[in-house]
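As the structure lists them, so they are numbered: ligands from 1, and atoms in each ligand from 1. What you see below is based on every heavy atom in this structure, not just the backbone, and it leaves out hydrogens, waters and symmetry mates. Residue numbers start at 1 and run along the sequence shown. Please read all numbers here as calculations on a predicted model, not as lab measurements.
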Amino acid sequence: MIKKCLFPAAGYGTRFLPATKATPKEMLPVLTKPLIQYGVEEAVQAGITMMAIITGRGKRAIEDHFDISYELEHQIKGSSKEYLLDEIRSLIDTCTFSYTRQVEMKGLGHAILIGETLIGTEPFAVILADDLCDGDVLEQMKQLYNKYRCSIVAIEEVPREETNKYGVIAGKQIEEDVYMVNTMVEKPAPEEAPSNLAIIGRYILTPDIFDILRETKPGKGGEIQITDALMTQAQRGMVLAYKFKGRRFDCGSVDGFVEATNYFYNLEKSKQ
Ligand code: G1P
């Protein structure tokens, strides 16, 4: 059973400066909801209610968001706007939120290792909130995990010239949309990429990843990469890559963010 979802949320979000100078990038809203809330909702949709969030300096707004604001509750109670808090209230009621800080920025692998204290020794999910998905991607991955019981990364085909923005895998297809990974490279140049199958920010990891991460040397960019740790795990056992069904937006970039905003705006309009 996957009960916990880890959200690495300590990064600076430099691509969104100055907006992210005093606001965590995970709190930037697509329409009226911050990015991280979409992630939490996706985890809940997969039956996960224990959220483990890796924060850092200047990220307190995330903790406040997943908590009651008594002043606001008092102001809004009985007013016509009260319904605007329905979704966030229901998340606060159904989920628990635990936090720990990443003191130094040493990469995604390092951030995940910091999460060990919140996760313990069970398999867990990871969501990178700036990859915003429309669709139950984590639920799809959980079903695959129940069948194979190993680490799984979500993948999508990207244009060749963009491989240097992602972890890239190659492997053997074992069923429709499922690959057994035999190569994994962090942000390869297009001419060195083993394929155009890019890892997007959804993972299911088995807890032996923590010991592997402890041994993993800094890789691309001098940072400890989860991609390198997963490659070790694939060599020792099995890691799967899953071509998910649904749409994903790279909200870590301004273009992707605008695309997501337009997409969700049109979706909302079509429901009215
Ligand atoms: C991270 C991972 C990368 C993955 C990407 C998905 O990179 O290191 O392997 O493809 O997330 O969004 P980042 O975007 O944090 O640089």
Carboxylate-amine/guanidinium contact D131 R248, below 4.0 Å = yes
When you look for heavy atoms under 4.0 Å from ligand 1, do you find them on the side chain of I199, its backbone, both, or neither?
-> both
Nearest protein heavy atom under 4.0 Å from atom 11 (O) of ligand 1, yes or no | yes
Does R236 pair with E215 as a salt bridge, N-O distance under 4.0 Å?
-> yes
Check the pair Q37, E41 against side-chain hydrogen bond (donor to acceptor under 3.5 Å, both in side chains), reporting the backbone distance first and the verdict last.
-> CA-CA 6 Å; Q37 187 175 336; E41 286 174 355; 3.2 Å; yes
At a 4.0 Å threshold, what atoms of ligand 1 neighbour a non-hydrogen atom of D131?
-> 6 (C), 12 (O)
Pair D228 + K220, salt bridge at N-O below 4.0 Å = no
Can you tell me if G201 has a non-hydrogen atom under 4.0 Å from ligand 1?
-> yes
For atom 8 (O) of ligand 1, which protein heavy atom lies nearest, and how many Å away is it?
-> E186 OE2, 2.7 Å
Please state whether the rings of F97 and F66 are parallel, tilted or perpendicular, taking 30° and 60° as the class boundaries.
-> parallel
Basic-acidic side-chain contact under 4.0 Å: E156, K243 | no
Run the numbers for me: atoms of ligand 1, each under 4.0 Å from some heavy atom of T227, listed by number.
-> 9 (O)
Short list, please: which atoms of ligand 1 are under 4.0 Å from a heavy atom of Y166?
-> 10 (O)
Decide whether I169 and I212 are clustered together by the hydrophobic rule: side chain heavy atoms of Ile, Leu, Val, Met, Phe, Trp, Tyr closer than 4.5 Å, transitively.
-> no
Taking only non-hydrogen atoms of G167 and a 4.0 Å limit, the atoms of ligand 1 in range are 3 (C), 4 (C), 9 (O), 10 (O)
Have a look at ligand 1 and work out which part of L128, if any, has a heavy atom under 4.0 Å from it: side chain, backbone, both or neither.
-> side chain
Looking only at protein heavy atoms, which one is nearest to atom 1 (C) of ligand 1, and how far off is it?
-> L108 CD2, 3.9 Å
What about F257 and F16, are their ring centers closer than 6.0 Å?
-> yes
Distance to 0.1 Å, residue and atom name: give those for the protein heavy atom nearest to atom 16 (O) of ligand 1.
-> K187 NZ, 2.7 Å
Which atoms of ligand 1 sit under 4.0 Å from any heavy atom of Q225?
-> 8 (O)
